[in-house]
Amino acid sequence: LRHHPRVTVTEGNLLDPATLPAQLHVVRAANILNRSYFSDHQLSAIVQNLRATLCAYGLLIICKTDDSGRTEGTVFLLKDNGSFEIVESINGGSEIEDLVCSEKAVGVSG
């Protein structure tokens, strides 16, 4: 993907929004956003940071592969009201699916 003219691959610190780019169409967080590494409070902050990086109707993909090679994950769509909607759950979905869906966008009522 790095060589595709319409694709930009970038990295940033999930806990530091200043290091994250804005207006992305897809954000993939693989093998990082889980309760083994972060508290729910930290995960909520990360979800807020990732929401801010996405453009309207952008996709957030959170997945985790276990030692057997089985991947569990969820594809979320950022709706125009700032909330996430589950588009697809794979093998039971992400372990933080409930947290992502319950998070409210900053400045969005509902």
Side-chain angles (χ1 to χ4, degrees):
L1 286 178
R2 289 187 188 275
H3 303 293
H4 191 284
R6 294 182 59 202
V7 173
T8 301
V9 177
T10 180
E11 295 182 23
N13 180 339
L14 297 172
L15 293 169
D16 182 2
T19 68
L20 300 173
Q23 297 301 305
L24 299 175
H25 295 277
V26 179
V27 171
R28 178 178 153 256
N31 298 317
I32 188 71
L33 297 185
N34 60 72
R35 290 180 167 113
S36 299
Y37 296 150
F38 299 104
S39 68
D40 279 5
H41 177 75
Q42 290 171 310
L43 288 166
S44 292
I46 291 168
V47 168
Q48 290 287 340
N49 292 343
L50 292 177
R51 175 185 286 111
T53 69
L54 287 169
C55 63
Y57 302 101
L59 297 175
L60 172 61
I61 304 165
I62 300 175
C63 56
K64 179 180 172 186
T65 303
D66 65 20
D67 293 336
S68 72
R70 181 175 190 254
T71 298
E72 299 172 342
T74 306
V75 178
F76 301 93
L77 173 72
L78 181 61
K79 299 190 316 186
D80 59 356
N81 68 358
S83 67
F84 283 109
E85 172 184 298
I86 295 172
V87 175
E88 186 71 36
S89 291
I90 303 154
N91 292 325
S94 165
E95 71 179 63
I96 66 164
E97 205 172 79
D98 60 329
L99 189 143
V100 174
C101 290
S102 69
E103 281 299 307
K104 300 291 185 200
V106 175
V108 174
S109 60

Please identify each residue that fulfils side chain to side chain contact (heavy atoms under 4.5 Å, CB included) with [X], with sequence neighbours left out.
X	value
N91	R70, E72
T74	F76, I86, S89, S94, E97
I90	E88
H41	S39

Do L33 and L43 pass the side-chain contact (heavy atoms from CB on, under 4.5 Å) test, and can you show the C-alpha distance, the side-chain angles, and the key distance before you say yes or no?
CA-CA 7 Å; L33 297 185; L43 288 166; 4.2 Å; yes
Which residues, ordered by chain and number, are linked to I61 in its hydrophobic cluster, where ILVMFWY side chains connect at heavy-atom gaps below 4.5 Å, directly or through other members?
V26, Y57, L59, V75, L77, V87
Heavy-atom pair of closest approach, residues R51 and G82:
NE-O, 2.7 Å
Per-pair distances, 0.1 Å, donor-acceptor, side chain in residues 10-17, under 3.5 Å, sequence neighbours excluded:
| residue | atom | partner | partner atom | Å |
| --- | --- | --- | --- | --- |
| N13 | OD1 | L15 | N | 2.8 |
| D16 | OD1 | A18 | N | 3.2 |

Atom pair [atom1]/[atom2] of [X] and [Y] - distance to nearest 0.5 Å:
X	Y	atom1	atom2	answer
I32	C63	CD1	SG	11.5 Å
D98	D40	CG	CG	7.5 Å
I62	L99	CD1	CG	8.5 Å

Tell me whether R28 at atom CZ has more than 12 heavy atoms from other residues, nucleotides or ligands lying less than 6.0 Å away.
no
List the steps and the verdict of side-chain contact (heavy atoms from CB on, under 4.5 Å) for V47 and F84.
CA-CA 10 Å; V47 168; F84 283 109; 4.0 Å; yes
Kindly say whether T65 contributes a backbone atom to a donor-acceptor pair with the side chain of N31 at under 3.5 angstrom?
yes
